[in-house]
Colleague: 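Here it is, the structure, as structure tokens.
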Amino acid sequence: MSKLGQVVEAVENYDKFVLDQVKRARTDEKFGRELLGRWNDIKAKIPVTRTPTGLPLPRLALPEIDEPGEIARYFFGEGLPGEFPYLSAAYREMYLEPVREIESFEKNAGTIDKKIPQAEEPTRLFSGLMLAEDTNERFHYLTRHQRTHRLSTAFDGPTLYGIDSDADGVFGKIGEGGVAIDTVEDMMQLYDGFDLGSPNFSASMTISGPAPIIMAMYIAAAKRRFGPKVVPKLRGTIQADIFKEVQAQNETIFPIEPSLRFLTDMVEFTTHEMPRWYPISISGYHIGEAGSTPVQQAAYTLSNGFAYVEMFAGLGIPVDQFGPRLSFFLDCGLDAEYIALARVSRRIWAIGMRDVFGAGPKAQLYKLHTQTSGRSLIAAEFKNNLTRTAAELVLAYVNATNSCHSNSADEPFTTPSEEWIRLAAHGQAILLEESGIFKHTMNMLSGSPGMKAVERAVEAAILDEFREIERLGGVLAAVEERYQRSQIQNASHRYEQQIYDGTRPIIGLNRYRDGADEIPDVKLARTPRSKQQLQVDRLAKFKKKNAEKAKRALDKLAGAVERGENCFPTLLEAAEVCSLGQITGRLQEVVGRFRPMV
Amino acid sequence: MASPIRILTAVPICDGHDSAINTINLEFIRHGIEVIYLGYHRSVTDIVRAAIQEDVRAIGISSYNGGHIEFFAEVVNLLRKKGADDIKVFGGGGGTITHDDAAIMKRKGVEEVFFAGTSLEEMVKFVHEHYGKPRAKRTRPKSADQELAHKLTEIEDSYAAGRKRPTPNAQRRTSKSKKRHQTSNFKHQTSRVIGFTGPGGAGKTTLIDELVLRFLNRNPKGKIAILSHDPSVVGEGALLGDRATMINSQDDRVFMRSMATRGQAGGLSPATHDCLALLAQLNFDNVIIETVGTGQEAMPFQKNGIVDLTVLVMNPDYGSRLQLQKIVMLDLADIVVVNKSDLQRARTAHTEIEQRLEQNRPVRRSFGEGGRKQQLIDTVAKRHRDPGVDRLFELISSGRDGALRRPAAAARRPYQQKRRKK
Ligand code: B12
Ligand SMILES: Nc1nc2c(ncn2[C@@H]2O[C@H](COP(=O)(O)OP(=O)(O)O)[C@@H](O)[C@H]2O)c(=O)[nH]1
Ligand SMILES: [Mg+2]
């Protein structure tokens with residue numbers, strides 16, 4: 001049985017364990033009394049907060065139960081926020097306003113509390129456009145009101161495919177849909193003005209195929225700006241999720257095995273040298289956007305995650321060392337499943353990590369970034385997209401996501417313009433700061449009977465997917481057999497057909513089409529030819545300047561790869577003097593190119 | 001009946017948004033269209049080369065990552081330059097292609113752009129209306145690739161129109177086309193024909209592409225033709241997707257043609273024999289043919305047929321030893337490959353197949369094969385620079401004049417001559 005099969009068993013056993021505890025609480029009087037005592041203790045200690053109208057509310061809402069069996073079901077099956085199995089939340093308090101306990105409130109009655117900002121704002125907007133300096137400007141615009149600077153970087157097509165801006169036939173793609181990065185110098189420019197070593201800064205980089213190369217460039221850029229001592233202080237994430245690339249996003253550039261090997265080389269390096277870095281973001285977003293069902297999204301993301309854990313553990317890296325450095329990224333759309341998809345994922349991850357991989361509490365946490373669904377946003381009457389995104393944001397925060405990106409309403413057309421980005425960011429602020437839905441009470445919307453019903457159905461369906469993958473020989477074998485890909489494609493086709501046969505209502509498209517034929521007026525972010533030429537010229541200069549050194553660095557890199565040693569240190573050297581495309585090209589000579597799957 | 005409409009679809013370079021095109025492909029296929037799918041992250045050159053070789057009616061491009069005005073225009077321009085502007089260009093890209101963009105693109109020669117929200121039905125209707133009518137008279141081909149492509153279309157069309165497999169009598173009817181051949185761009189020569197067959201998923205396509213890579217590296221001027229097959233039912237569509245995975249075969253020195261079997265059982269199409277005969281007499285060093293995945297009884301390459309060398313590609317998971325007994329191709333193949341030898345069962349498979357081949361020797365003698373030893377090779381086609389594939393490549397290359405050359409093949413005459421004589 002593969003590890004995934006063991007996860008299925010572990011979850012089944014855990015569910016049985018919960019039922020046993022419920023029974024025991026009802027039959028074993030001492031145990032029942034203990035639980036009840038603990039329950040009452042906890043309830044008594046919950047601080048009280050007040051809404052702006054003065055209504056007192058507990059900072060944590062718990063179900064209205066006083067029967068030991070039900071209390072056991074809550075403690076073990078769901079867990080308090082921040083407690084195993086983390087169904088309701090990974091942390092004890094999330095999104096809440098700073099403590100205003102009842103006493104302090106009484107003292108300051110009538111005055112407005114000075115707001116202490118939260119440790120980190122959950123809003124994190126994905127952006128990248130044109131050249132490094134343009135994206136840099138956008139980053140400064142986005143973080144102008146934030147105390148903590150959490151940047152999320154989108155790269156352009158050539159960068160995502162590991163090729164240079166001067167490659168054949170890519171000119172028109174430079175700087176489109178993301179930022180063009182060819183060299184360490186571009187990388188320095190990209191985050192200029194930000195203090196990369198600060199505890200209040202983190203950089204997220206959405207790139208997988210060439211992730212180790214881009215990572216090396218980031219480190220090289222940081223070293224040039226802040227000296228070598230900055231390396232252990234660097235905080236951030238790089239996506240580096242190869243499995244989902246093969247399954248959904250189509251940006252794999254080396255064959256699967258060498259791709260995984262470069263990934264593990266990088267993970268080994270960051271685990272030892274960059275303790276604050278998240279070297280992989282296990283992503284369901286692209287699976288969901290490629291058209292999977294929500295259950296498929298959750299199941300493939302989790303199973304991919306467990307496969308990575310098995311791989312890294314197999315290398316001898318202790319699970320408690322790398323486990324806390326894994327994080328997740330999910331899509332949140334409008335389907336009913338989303339009311340509990342992340343909750344269930346968090347629980348399955350915790351159980352699997354604890355009971356199959358022996359992980360400690362820190363490595364059990366499913367730390368989650370969510371993005372609202374881009375595919376749910378459509379061109380017809382596109383301003384409706386604001387409403388769609390708002391509803392999705394509620395679902396995302398109900399699931400206690402750790403950070404979140406809200407899409408802009410102009411998503412179907414272009415890299416968002418500042419106007420729509422601002423509204424997208426405001427959407428989150430309205431929800432978290434203006435409205436009372438999330439700021440007073442943990443669990444404000446958790447635990448409804450409907451949510452519970454979805455949890456049960458989703459968990460069962462996820463386990464079914466695991467069993468199927470297990471039957472196919474585990475994640476890697478299933479990936480190679482195109483299992484996840486074909487499932488996603490079928491679901492996507494069904495989704496589109498449902499739209500066009502009207503069984504899936506889409507307002508403004510197949511219902512209430514009053515304004516569907518209006519031609520939308522949106523400002524397009526297109527990269528001018530002059531900028532594209534500028535990037536090509538810069539690259540030429542860099543290549544000329546470093547020609548000699550690049551050759552030597554590439555030879556050294558190729559040697560390390562051939563010998564099978566961890567090639568990340570040589571990659572770091574290469575990143576100083578080589579372009580992205582030069583490195584990719586050389587690596588492909590040694591390990592081959594990815595053979596795309598249809 | 002007329003041939004199904006053939007369309008090529010692709011996603012531009014540096015773009016992996018394939019959700020839309022996957023759905024559209026499926027919808028086209030369901031409505032009787034043969035779709036040659038080139039995959040995502042494809043260059044203008046690859047797209048145009050493939051469209052010309054496959055002689056499609058039109059190219060459907062799905063573009064999301066921007067730069068579409070330039071990309072579509074480059075495709076149109078390159079088609080013009082190659083004298084192939086009878087191949088039309090259409091496509092879509094959801095909301096990323098605006099109405100203003102579409103107007104510019106149409107001015108530059110794009111036939112149609114589908115906006116976000118278009119129903120799948122409308123697209124199918126468009127293709128049937130615009131590309132469903134018989135072709136106007138064809139212009140003079142500008143290149144050897146194009147001429148060959150047109151000829152292959154003629155052959156396929158004539159079979160679709162009811163022609164039967166060439167019997168000695170039937171062949172006379174086509175002798176008219178011979179004259180045109182002689183004044184053509186073709187250099188006449190005989191190529192070596194290598195047939196690959198075996199169950200679906202055994203790795204034939206992957207293996208062929210790996211061999212092509214080695215061939216192109218070894219012979220800086222050499223040329224290869226590939227005829228690849230996918231199953232289809234008479235009058236229905238098909239997804240011809242081999243090009244998407246055969247990354248090394250998208251090269252100016254490789255002529256590739258994807259064929260749907262159009263209802264014929266056994267792994268090949270009714271037109272295959274003639275197409276192959278045509279290819280075999282041209283200036284290719286090797287002509288490679290891949291059958292669709294075949295069952296136990298299948299024997300797609302007849303004895304004394306046009307294939308010089310048959311390679312049977314096996315998957316270690318064929319089941320029991322008993323299953324092995326039933327595989328007819330094991331008697332006929334010159335080379336048997338156990339691919340996926342990275343899998344657990346590969347060793348057992350090798351031993352079982354070796355024993356099975358030993359039994360063949362007397363049988364093959366009575367077939368007039370002289371009891372020549374069949375070769376058995378283990379490969380891992382999916383691995384870069386796999387030594388097993390290297391060995392297979394050497395064996396096939398050395399076979400040109402060496403031990404593997406079948407006596408029957410040496411005496412085989414080129415396509416036209418054979419016809420004239422009968
Ligand atoms: C799904 C999606 C993804 C998925 C793709 C999954 C996959 N395997 O396809 C994921 C999450 C992986 C993804 C990633 C990225 N994406 Co994206 N993605 C989208 C999204 C949300 C939907 C596109 C889609 O498939 N729609 C479903 C199809 C069926 O419907 P449709 O688009 O309306 O198309 C209709 C017609 O146009 C027509 N049609 C389309 N093509 C063709 C072709 C033919 C021949 C015909 C006849 C008709 C036709 O048929 C459809 C049905 O009517 C769009 C935004 C949006 N809402 O449209 C962004 C979008 C296209 N993505 C974008 C970007 C930037 C990216 C990234 C580059 C982000 C990054 N920097 O990392 C990456 C690159 C990925 C890659 N490998 O290239 C941008 C492009 C911006 C631009 N051009 O200016 C968009 C517009 C979002 C945005 N505003 O930023 N993406
Ligand atoms: N494990 C393994 N998989 C392989 C190997 N060669 C090919 N494959 C995979 O097998 C599948 C089918 O390959 P393909 O070449 O399309 O097979 P065909 O149907 O015989 O043409 C693909 O997913 C390949 O990646 C190999 O040597 N080992
Ligand atoms: Mg094949």
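Chain identifiers are assigned alphabetically (A, B, ...) following the order of the sequence lines, protein sequences preceding nucleic acid strands; residue numbering begins at 1 within each chain. Keep in mind that this is a model prediction, so the values were computed, not measured.
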Colleague: Identify which part of A/Leu160 has an atom lying under 4.5 Å from any heavy atom of chain B, answering side chain, backbone, both or neither.
Modeller: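 A/Leu160 has no heavy atom closer than 4.5 Å to chain B.
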Colleague: Identify which part of B/Thr205 has an atom lying under 4.5 Å from any heavy atom of chain A, answering side chain, backbone, both or neither.
Modeller: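 No part of B/Thr205 comes within 4.5 Å of chain A.
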Colleague: Considering only heavy atoms, which portion of A/Gln489 lies under 4.5 Å from any heavy atom of chain B: side chain, backbone, both, or neither?
Modeller: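 Answer is side chain: those atoms of A/Gln489 sit under 4.5 Å from chain B.
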Colleague: Quick one: which of A/Asp521, A/Leu524, A/Val522, A/Thr414 gives a side chain to side chain contact (heavy atoms under 4.5 Å, CB included) with B/Thr98?
Modeller: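 So the option named by the test is A/Leu524.
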Colleague: Which residue is it: B/Thr245, B/Thr206, B/Asp209? I am looking for the one with a side chain to side chain donor-acceptor pair (under 3.5 Å) to A/Arg595.
Modeller: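 Checked B/Thr245, B/Thr206, B/Asp209 against A/Arg595; only one passes side chain to side chain donor-acceptor pair (under 3.5 Å): B/Asp209.
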Colleague: With a 4.5 angstrom heavy-atom cut-off, is it the side chain or the backbone of A/Glu480 that approaches chain B, or both, or neither?
Modeller: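 The answer is the side chain of A/Glu480.
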Colleague: Side chain, backbone, both or neither: which part of A/Arg529 has a non-hydrogen atom closer than 4.5 Å to chain B?
Modeller: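 The answer is the side chain of A/Arg529.
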Colleague: Picking from A/Val598, A/Ile378, A/Thr415, which has the most non-hydrogen pairs under 4.5 angstrom with chain B?
Modeller: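 Answer, by heavy-atom pair count under 4.5 Å with chain B: A/Val598.
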Colleague: A quick test of your reading: do over 12 heavy atoms of other residues, nucleotides or ligands sit less than 6.0 Å from NZ of B/Lys81?
Modeller: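 No, NZ of B/Lys81 has 12 or fewer neighbouring heavy atoms, counting only those of other groups under 6.0 Å.
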Colleague: Heavy-atom distances under 4.5 Å only: say whether A/Ile163 touches chain B with side chain, backbone, both or neither.
Modeller: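 Only the side chain of A/Ile163 comes within 4.5 Å of chain B.
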Colleague: So which residue, A/Gln532, A/Arg593, A/Glu251, ends up with the most heavy-atom pairs under 4.5 Å with chain B?
Modeller: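 Option with the greatest count: A/Arg593.
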Colleague: Kindly compute the distance separating CD (A/Glu589) from NE2 (B/His384), expressed to the nearest 0.5 Å.
Modeller: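 That separation rounds to 8.5 Å.
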Colleague: Can you say whether A/Ala380 sits under 4.5 Å from chain B via the side chain, the backbone, both, or neither, judging by heavy atoms?
Modeller: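 Looking at A/Ala380, nothing touches chain B.
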Colleague: In this structure, are over 12 heavy atoms from other groups packed under 6.0 Å from A/Glu481 atom CD?
Modeller: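 Enclosed.
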Colleague: What is the minimum heavy-atom distance between B/Arg385 and A/Val590, and which atoms define it?
Modeller: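 Taking B/Arg385 first and A/Val590 second, the nearest heavy atoms are NH2-O, 3.4 Å.
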Colleague: Can you tell me how far apart CD (A/Glu496) and OG1 (B/Thr23) are? Round to the nearest 0.5 Å.
Modeller: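 Interatomic distance, A/Glu496 CD to B/Thr23 OG1, rounded to 0.5 Å: 5.5 Å.
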Colleague: Which pairs count as salt bridge (Lys or Arg N to Asp or Glu O under 4.0 Å) when at least one residue sits in residues 14-29 of chain B, sequence neighbours excluded?
Modeller: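 Output for this query lists A/Arg485-B/Asp18.
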Colleague: Quick one: of B/Ile24, B/Asn25, B/Val11, B/Asn248, who has the most non-hydrogen atom pairs under 4.5 Å with chain A?
Modeller: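 Result: the option with the highest number of such pairs is B/Asn248.
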Colleague: Give, as side chain, backbone, both or neither, the part of A/Ser492 having an atom under 4.5 angstrom from any heavy atom of chain B.
Modeller: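 Both backbone and side chain of A/Ser492 come within 4.5 Å of chain B.
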Colleague: Below 4.5 Å from any heavy atom of chain B, which atoms of A/Ile256 appear? Answer side chain, backbone, both or neither.
Modeller: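 For A/Ile256, there is no contact with chain B at all, as no heavy atom is under 4.5 Å.
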Colleague: Got a list of side-chain donor-acceptor pairs under 3.5 Å for residues 66-74 of chain B, not counting sequence neighbours?
Modeller:
from: B/His68; atom 1: NE2; to: B/Thr96; atom 2: O; distance (Å): 3.4
from: B/His68; atom 1: NE2; to: B/Asp101; atom 2: OD2; distance (Å): 2.9

Colleague: Which heavy atom of B/Ile13 sits nearest a heavy atom of A/Lys173, and at what distance?
Modeller: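 Between these two residues, the closest heavy atoms are O-CE, 3.3 Å.
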Colleague: Check this for me: A/Asp168, atom CG, are more than 12 non-hydrogen atoms of other residues, nucleotides or ligands nearer than 6.0 Å?
Modeller: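 No, the 6.0 Å shell around CG holds no more than 12 heavy atoms from other groups.
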Colleague: Count the heavy atoms of every other residue, nucleotide or ligand shown that sit under 6.0 Å from NZ of A/Lys531, and state whether that count exceeds 12.
Modeller: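 Yes - once you tally the heavy atoms of other residues, nucleotides and ligands closer than 6.0 Å, there are more than 12.
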Colleague: Minimum heavy-atom separation for B/Tyr40 to A/Pro596, with atom names?
Modeller: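 That closest heavy-atom pairing would be OH-CB, 3.5 Å.
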Colleague: Please flag which part of A/Phe382 lies under 4.5 Å from any non-hydrogen atom of chain B: side chain, backbone, both or neither.
Modeller: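 Neither; nothing under 4.5 Å.
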Colleague: Look up atom CG in B/Leu26 and atom CG in A/Asn490, then write down how far apart they are to the nearest 0.5 Å.
Modeller: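 The CG atom of B/Leu26 sits 7.5 Å away from the CG atom of A/Asn490.
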Colleague: Got more than 12 heavy atoms from elsewhere within 6.0 Å of CD, B/Glu121?
Modeller: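 No.
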Colleague: Please walk me through it: do A/Glu176 and B/Cys14 pass side chain to side chain contact (heavy atoms under 4.5 Å, CB included)?
Modeller: CA-CA 10 Å; A/Glu176 290 284 318; B/Cys14 295; over 6 Å; no
Colleague: So that I can tick it off, tell me whether A/Glu257 and B/Arg383 are bridged by a salt bridge, with the cut-off set at under 4.0 angstrom between side-chain N and carboxylate O.
Modeller: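 Salt bridge absent between B/Arg383 and A/Glu257.
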Colleague: Heavy-atom pairs under 4.5 Å with chain A: which of B/His99, B/His17, B/Met246 has the most?
Modeller: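 Highest number of heavy-atom pairs under 4.5 Å: B/His99.
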